[in-house]
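All residue numbers in this chain count up from 1 along the given sequence. Indexing begins at 1, ligand by ligand and atom by atom, following the structure's order.
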Amino acid sequence: MVKLLVVEDEPAMLAGLVDNLEFEGYEVDSASDGKKGLAKIETENYDLVLLDVMLPIISGFDILKHIRKKGIQNPIILLTAKGEEMDKVRGLELGADDYITKPFSLRELLARVKVILRRTLAAEQIGIDSKNIQIGRLIVNFESLEATENDSLIKLSHKEFEILKYMVKKVNQIVTRDNLLDAVWGDDYQPTSRTVDNFILHLRQKIDSKESNHIVTVHGIGYKLIL
Ligand code: CA
């Protein structure tokens, strides 16, 4: 059964979300402040977390920052109140998968939930650890770190494999330059976002063809891998 967590401090909103999500057939857990929410995310395994931004004790942004730093990758949809200056790029850079502004229609929220769950399922089905994933012109094996095109070996650097691996994990989702810098280069060495663009450029030359683009630019934000 698909298991969701709702972290929300307004009792009526929390109860409404839980009821409606349960009605849709999801197993739903809840937390009414940031501290409880964080504890649940760290101990349970949720398929998706609906995370309010303005929460008592620990904010939604801080929870997001904390769990992503620890490598916890549950999909997260941020909930933000109208009027709060919610920066889409900031949320995405912190590792949110989507966000929705209150007041939202239930239908819209349920649709977003379905989209995210479908994406996650797609990524699981592709199986990042399984051998031989077709990415555009290449067949990539992340275990042996080999890439081939029509049975000929194509040279990819270690960083290129790392970038691809991260993008496959986030297939069909926007990946910001900062996401890539954090995931591939880490804290020790921070190249500029220009470096990321150069790597993407080289990868595109190996992956994309005239007929099909698999690494798509999302203007002002980053990139998206489409398989
Ligand atoms: Ca709130």
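Between Lys40 and Asp33 there is no salt bridge, since none of the side-chain N atoms of the basic residue sits less than 4.0 Å from a carboxylate O of the acidic one.
Not one N/O/S atom of Glu8, from backbone or side chain, sits under 3.0 Å from the Ca ion (ligand 1). Among the atoms of Asp9, an N, O or S atom falls under 3.0 Å of the Ca ion (ligand 1). Among the backbone and side-chain atoms of Met54, an N, O or S atom lies under 3.0 Å from the Ca ion (ligand 1).
Considering Thr217, Asp197, Thr176 as possible partners of Tyr223, the one that fulfils the side-chain hydrogen bond (donor to acceptor under 3.5 Å, both in side chains) test is Asp197. Put simply, the residue from Leu48, Asp98, Ile67 that forms a side chain to side chain contact (heavy atoms under 4.5 Å, CB included) with Ile76 is Ile67.
As for Asp52, its N/O/S atom nearest the Ca ion (ligand 1) is the one called OD2.
Under the rule for a salt bridge (charged side-chain N to carboxylate O under 4.0 Å, His left out), Lys159 has no partner lying at least two apart in sequence or in another chain.
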